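Working notes, beginning with the structure itself.
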Amino acid sequence: MTATSRPEHGDAAAASPPTSEEVRLVARGIATAVAPADGLMPVQAALLRALTDALTGYQVDYSSLDPLGPDELAEVLRDRDQEYRQRIVHHMVLGELVLRPLPTDVAIRVARCSEALGIKDSFVRVARRYAQGAHGLAWLDLQRSGFVDHVQATDYDSAQVRGPADPFAPAEVDPALEARWRGYAELPEGTLGHSAWKMYDGRGFVLPGAPGGAPRYLAQHDYVHVLADYGTNLRGELEVFAFIGRADPDPKGFAWLATLIGLFETGYIAETGFFERDVRERNLQAPGMDMRIADAIRRGKIVCECYGTDLFEVDYHELAPRSVDEVRDLLHLPAKSAQSVEGQWPGAFDRAGMSEIQQRFADSHQGRTT
């Protein structure tokens, strides 16, 4: 739940933080919409509770809430602007996307809530497709929702290269891009460029532009791994795309998190071209992941409000010679929550933030054996 929003008609109520009563009422509406017949699943309750705490500062026990229907929820949010209400709908969609299978009645209730709130959102349709078993159509809808018009309209870096129709599509070989990334090794320690190169070098990642490297557009998110201090295993990818998606002023940025959940949690998406489905572990159900995702969304929200730019549009090459801390200040990127220290949430250069394959490479690269 967003604690602030942009009022459409200068209405001060639309921009004010929610009261504890409003937070609880909205929580009731979300829980009513996304609960399966037997009640909220533990992963839903934990994730929604963590989101509410991270974004509003209020704690709500989602496992014991009275029902609240779509019309009642719409009345609670009648003074909130469209963007605010759309973010609430996205939290409903997030609550249903973690279900496998996704019950049809849940998808229908979320759609009804979205309609009552006056929100026409394509992510609601994506969830309906999943509930119907039409995973291929859902992926097409998801691409159209956030990965085609939005990405094709993106200009980034000094070369003014536009994003591709599919940001996950395999990359073309680009010697100039590879040379740019290789040159980061010569920058001083602590700079953004050197840190990004160090992350690649220490994990055996193929540099962007080289055969088998990440696409130019998608490689933008690797700078964010360094800046936001998120690992490069599947849990770290969920964090970084939750952060990037919420940092985007356009609500279509939610597509990033929706896609990663489909790839790495529920298996609704088979592959994207660069990432492949991996559901061997239920990453969102791992201890502390509810709080990690919620904190990533909290941090993204602050960046969105203070910096207001899609992080895929940032010219990181221009910023590469500057220190990581300096770039963080530029983006108004807040630190991780205090819970991150207590929970020992891994960062970009922590061993626990690497996959097993990345750990083995790191051991070999440093002349150690596992």
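Throughout, numbering of the chain's residues begins at 1 and tracks the sequence. Quick caveat, the model's predicted, so the values are computed rather than measured. Quick note: numbers below take in every heavy atom, side chains included, and nothing from hydrogens, waters or symmetry partners.
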Do you know which two heavy atoms are closest between L187 and G193, and how far apart they sit? CD1-CA, 3.9 Å
Do L65 and R24 come close enough that some side-chain heavy atom pair is under 4.5 Å? yes
Is there a side-chain contact between H332 and E305 (heavy atoms, below 4.5 Å)? no
At what distance, to the nearest 0.5 angstrom, does CD1 of I261 lie from CD1 of I293? 7.0 Å
Using 0.5 Å steps for rounding, measure from the CG atom of L68 to the SG atom of C113. 8.5 Å
Carefully, step by step, assess D250 and D310 under the rule side-chain contact (heavy atoms from CB on, under 4.5 Å). CA-CA 8 Å; D250 191 329; D310 180 356; over 6 Å; no
dist L73:CG -> I88:CD1 (nearest 0.5 Å) comes out at 7.5 Å
I357 atom CD1: more than 12 heavy-atom contacts under 6.0 Å: no
Please round to the nearest 0.5 Å and tell me the distance separating atom CZ of R109 and atom CE of M92. 11.0 Å
Report yes if the side chains of V26 and I30 come closer than 4.5 Å at any heavy-atom pair, otherwise no. yes
Taking all non-hydrogen atoms of both residues, which atom of V43 and which atom of L284 are closest, and how far apart? CG2-O, 4.1 Å
When you group the ILVMFWY residues by side-chain heavy-atom contacts below 4.5 Å and let the links chain together, are M354 and Y230 in the same group? no
With rounding to the nearest 0.5 Å, note down the distance linking CG in D350 to CD in Q344. 9.5 Å
Please step through side-chain contact (heavy atoms from CB on, under 4.5 Å) for the pair Q59 and T52, ending with a clear verdict. CA-CA 7 Å; Q59 296 185 353; T52 301; over 6 Å; no
With rounding to the nearest 0.5 Å, note down the distance linking CG in D201 to NE2 in H365. 3.5 Å
Check the side chains of D121 and Q86 for a donor-acceptor pair under 3.5 angstrom, ignoring hydrogens and angles. yes
Return the minimal non-hydrogen interatomic distance between C304 and P249, and the atom names on each side. SG-CA, 3.6 Å
Would you call M291 and E342 a side-chain contact if the rule is heavy atoms closer than 4.5 Å? no
CA sep, side-chain torsions, deciding dist, call: E239, R235, salt bridge (charged side-chain N to carboxylate O under 4.0 Å, His left out): CA-CA 6 Å; E239 286 180 293; R235 294 171 189 177; over 6 Å; no
Any sub-3.5 Å donor-acceptor pair from D295's side-chain atoms to S337's backbone N or O? yes
Between R298 and A54, is there a donor-acceptor pair closer than 3.5 Å when you use the side chain of the first and the backbone of the second? no
Side-chain touch V324/R328, heavy atoms, less than 4.5 angstrom: yes
Are any side-chain N or O atoms of T32 and backbone N or O atoms of R28, one a donor and one an acceptor, separated by less than 3.5 Å? yes
Just by modelled atom types, is the V60 backbone N or O under 3.5 Å from a matching donor or acceptor in the R49 side chain? no
Under 6.0 Å between ring centres: does that hold for W256 and F312? yes
Could you walk me through whether Y316 and V224 pass the side-chain contact (heavy atoms from CB on, under 4.5 Å) check? CA-CA 9 Å; Y316 295 109; V224 181; 3.6 Å; yes
Does atom CD of E72 have more than 12 heavy-atom neighbours from other groups under 6.0 Å away? yes
For residues V34 and L48, determine if any side-chain heavy atom of one lies less than 4.5 Å from a side-chain heavy atom of the other. yes
Are the side chain of R182 and the backbone of L207 linked by a donor-acceptor contact shorter than 3.5 Å? no
Restricting to non-hydrogen atoms, name the atom on V93 and the atom on F123 that form the minimum distance, rounded to 0.1 Å. CG1-O, 4.0 Å
Keeping Q44 on the side-chain end and V98 on the backbone end, is there a donor-acceptor pair under 3.5 Å? no
Considering all heavy atoms, the nearest N233-A352 contact: ND2-O, 3.2 Å
Ignoring hydrogens and angles, tell me if any N or O in the side chain of S114 forms a donor-acceptor pair with the backbone of V110 under 3.5 Å. no
L238-M41 co-clustered via ILVMFWY side chain contacts under 4.5 Å: yes
Please determine if E75 and R78 form a salt bridge, counting it only when a charged side-chain N lies under 4.0 Å from a carboxylate O. yes
Just by distance, no angles: are the side chains of T232 and R203 close enough, under 3.5 Å, to form a donor-acceptor pair? yes
Answer yes or no: is there a side-chain heavy-atom contact under 4.5 Å between L94 and L51? yes
Tell me whether W345 shares a hydrophobic cluster with L257, the cluster being built from Ile, Leu, Val, Met, Phe, Trp, Tyr side chains joined at under 4.5 Å. no
Do the rings of H90 and F254 sit parallel, tilted or perpendicular, given the 30° and 60° boundaries? parallel
Provide the closest heavy-atom pair for G209 versus L177 in the form atom of the first, atom of the second, distance. N-CD2, 3.7 Å
Quick check on the hydrophobic clustering: are L333 and F349 connected, directly or via other members, by side-chain heavy-atom contacts under 4.5 Å? yes
V314 and Y223: CA distance, side-chain angles, deciding distance, side-chain contact (heavy atoms from CB on, under 4.5 Å) verdict: CA-CA 10 Å; V314 177; Y223 296 101; over 6 Å; no
Measure the acute angle between the ring planes of H194 and W197, then classify it against the limits of 30° and 60° as parallel, tilted or perpendicular. tilted
Ignoring hydrogens and angles, state whether a donor on the side chain of E237 or H221 is under 3.5 Å from an acceptor on the partner side chain. yes
Closer than 3.5 angstrom, by distance alone: can the side chain of R299 be matched with the main-chain N or O of P334 as a donor-acceptor pair? yes
Ring centres of W181 and Y184 under 6.0 Å apart? yes
Counting only heavy atoms from other residues, nucleotides and ligands, does the tally under 6.0 Å from CD of E115 exceed 12? no
Group every Ile, Leu, Val, Met, Phe, Trp and Tyr by side-chain heavy-atom contacts under 4.5 Å, then state whether L97 and I108 land in the same group. no
